[in-house]
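Proteins get letters first, then strands, A, B, ... in listed order; numbering begins at 1 in each. Please read all numbers here as calculations on a predicted model, not as lab measurements.
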2 protein chains.
Amino acid sequence: MTQELFASYSFLLDRTARKVKHYAQQQFKFGKFDVTVDQWLVLKNLAERPQVSQTELANLVLKDHPTLTRIIDLLSKKGLVQRVQHPQDRRSFQLHLTAKGEKKVASLKPRILEIREKAWENLTESDFHEFKRILNTIYQNLDTHNGI
Amino acid sequence: MTQELFASYSFLLDRTARKVKHYAQQQFKFGKFDVTVDQWLVLKNLAERPQVSQTELANLVLKDHPTLTRIIDLLSKKGLVQRVQHPQDRRSFQLHLTAKGEKKVASLKPRILEIREKAWENLTESDFHEFKRILNTIYQNLDTHNGI
DNA sequence: TACCAATAGTTAGTATGACAAATATATGAA
DNA sequence: TTCATATATTTGTCATACTAACTATTGGTA
């Protein structure tokens, strides 16, 4: 491939990712979900994997540790998540949703799936698979921890 | 399409966009380019469209005005860009690269095209066109200013 | 002329992202 | 046991993203 041809991909990728996040955030705001898109990602993963440590959760959601620390701070200020001392390791926390957090996840989950659907109008299932394949290939091409 | 099938696209999109930016930023750092990826985007557009206003430039690079204000502040602190009063409209600036800015763009441009190429290993030209089409469709699906 | 709405840009506040360094604790080797 | 090293989390700093509110200026209109 010639260089000029694909020089624009990073711009398109970045602007689309921002549009997707921004659209979702707007919908969250109109629906008074009272969490950000990134906070939702953390809540959702925590619902699926209770009792994980911050390090494990950071790997699940692909955020670095300082970022996750701050998101957990905000979620715990909102009363949705609690840090509990790990019984063996005093450096570590086990994170879990509060009752309020569980309720939040249950009520938002279906509404958020609907919001996410909007992006795929005029696109087919095979488009989705192509898209996933290309994104994952790019990711691996640039991943220095891929063992190659 | 079923909801569960594509529920993950926003996560994949976001993680890939961050990987692309992060990879480029690492290369910028090793190469001592002394600008960030976003600062580069602004510089490049300014080289192609001299004398634009901040509002025009913000539309070109799809950044909001406060973000662009700060990027221009940083670039002008580095001596790469200058704000010049618009001769007719005292609210507005005409932006232009300094001699140092011109030199920076000329020297970095080919090196950055090389860096961008890495993402497309194992992918074809037709993958690239598919990718572009899908990204643009998603963007337009979520764009509330698309006149529909 | 006087007023008012629109426009260009900045400032302030909150959240996220990357990176470096600090703190506390745990673990393994001498 | 003691020391070196590794791990879990936090703090600090800078850059970017978005929102809202603000200043200055412009342009149209009564």
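The phosphate of dA20(D) has OP1 or OP2 within less than 4.0 Å of a side-chain N or O from Lys29(A). Within the structure, every side-chain polar atom (N or O) of Thr69(A) is placed at least 4.0 Å from both OP1 and OP2 of dT9(D). Contact annotation: Arg90(B) side-chain N/O to dT26(D) OP1/OP2 distance is under 4.0 Å. Residue Arg83(A) places at least one side-chain N or O closer than 4.0 Å to OP1 or OP2 of dT10(D). Contact annotation: Ser92(B) side-chain N/O to dT7(C) OP1/OP2 distance is not under 4.0 Å.
Spacing between atom CZ of Arg15(B) and atom C1' of dT16(C) amounts to 19 Å, rounded to whole angstrom units. For the pair Leu75(A) CG and dA15(C) P, the computed distance is 11 Å after rounding to whole Å. We find that CG of Leu68(A) is positioned 14 Å from P of dT11(D), with the value rounded to whole Å.
Residues passing the side-chain hydrogen bond (donor to acceptor under 3.5 Å, both in side chains) test with Asn45(A), sequence neighbours excluded: none. The ring pair (Phe, Tyr, Trp, His ring centres under 6.0 Å) test applied to Phe93(A) returns no partner, not counting sequence neighbours. In this view, Glu56(A) and Val52(A), Ser53(A) satisfy the side chain to side chain contact (heavy atoms under 4.5 Å, CB included) rule, not counting sequence neighbours. Residues meeting the side-chain hydrogen bond (donor to acceptor under 3.5 Å, both in side chains) test with Gln25(A), sequence neighbours left out: none. Not a single side-chain hydrogen bond (donor to acceptor under 3.5 Å, both in side chains) links Asp34(A) to another residue, sequence neighbours left out. Take Arg91(B) and apply the salt bridge (Lys or Arg N to Asp or Glu O under 4.0 Å) test, not counting sequence neighbours, and it matches Asp89(B). The salt bridge (Lys or Arg N to Asp or Glu O under 4.0 Å) test applied to Lys21(A) returns Asp38(A), not counting sequence neighbours. Checked against side-chain hydrogen bond (donor to acceptor under 3.5 Å, both in side chains), Glu130(B) has the following partners two or more places apart in sequence or in another chain: Arg133(B). The ring pair (Phe, Tyr, Trp, His ring centres under 6.0 Å) check on Tyr23(A) picks up nothing, with sequence neighbours excluded.
A cation-pi arrangement is absent between Arg111(B) and Phe33(B), since the terminal nitrogen or guanidinium carbon is not both under 6.0 Å from the aromatic centre and inside a 45° cone about the axis.
Within 4.0 Å (heavy atoms only), Gln88(B) reaches sugar-phosphate atoms of the nucleic acid but no base atom.
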Are Trp120(B) and Phe128(B) close enough, and set up right, to give a ring-ring contact (aromatic ring centres under 6.0 Å, His included), and what steps lead you there?
-> CA-CA 8 Å; Trp120(B) 290 91; Phe128(B) 177 72; 5.1 Å; yes
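Residues of residues 46-59 of chain B that place a heavy atom closer than 4.0 Å to DNA chain D do not occur.
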Could you list the protein-to-nucleotides 4-7 of chain D atom pairs, N/O on both sides, closer than 3.5 Å?
unit_1	atom_1	unit_2	atom_2	d
dT7(D)	O2	Arg91(A)	NH1	2.5

Restricting both atoms to N or O, compile the protein contacts to nucleotides 14-18 of chain D shorter than 3.5 Å, with distance only.
unit_1	atom_1	unit_2	atom_2	d
dT16(D)	OP1	Thr36(B)	OG1	2.6
dA17(D)	OP1	Lys63(B)	NZ	3.4
dA17(D)	OP2	Lys63(B)	NZ	2.8
dC18(D)	OP2	Asp64(B)	OD2	3.2
dC18(D)	O3'	His22(A)	NE2	3.4
dC18(D)	N4	Arg70(B)	NH1	3.4

